[in-house]
Amino acid sequence: MSTLDSKATEELRSLRSELQGDEAWRGRVELVERPPAQGTLGPVLDALQMALEPGTAAPFLAALVAWLRWRTSDIELTVRRTDDSTTVTLSGKRLKEQDAAALTAEVDRLAKHLSRSDNSSAD
């Protein structure tokens, strides 16, 4: 998951804190920083990296959707698999408008997209 502005940086820190509070994700969440631009101090938070195992995409996305629904600002996150170019973008604004059944269907759809096997991505 990546970000570009300072508000989004705060949101990534909030998401990391939320995920670290859940035993299922503790130790799997890492902040990724990029080097500072020339003439500035300190690194810049660029992304949140998760270590997922097979079968954990759906629970992770469910946790992510639950966190997004409670954001007071409009936020958009991109989830990307590091082993290929598969990406999923989630918008907090769009999620707030959905009921529980629609959210469950969306999480299932996104999990299938992120969890597809390497063989099916070659098609």
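A distance of 12.0 Å separates OG of S17 from CG of D22, quoted to the nearest 0.5 Å. Note that the CD atom of Q49 and the CZ atom of R16 stand 12.0 Å from one another [nearest 0.5 Å]. Taking CG from L61 and NZ from K112, the interatomic distance works out to 13.0 Å, rounded to the nearest 0.5 Å. Residue E30 holds its CD atom at 10.0 Å from CD of Q20, rounded to the nearest 0.5 Å.
Clustering ILVMFWY residues whenever any of their side-chain heavy atoms sit less than 4.5 angstrom apart, transitively, puts L31 in the very cluster that holds W67.
The nearest pair of heavy atoms linking A63 to L19 is CB-CD2, 4.1 Å. Between E33 and L45 the shortest heavy-atom distance is CG-CA, 4.1 Å. In terms of heavy atoms, P59 sits closest to W25 at C-CZ2, 3.6 Å. T40 approaches A37 most closely through the heavy-atom pair OG1-O, 2.6 Å.
When L52, T87, L110, L64 are each tested for a side-chain contact (heavy atoms from CB on, under 4.5 Å) with V79, only one passes: L64.
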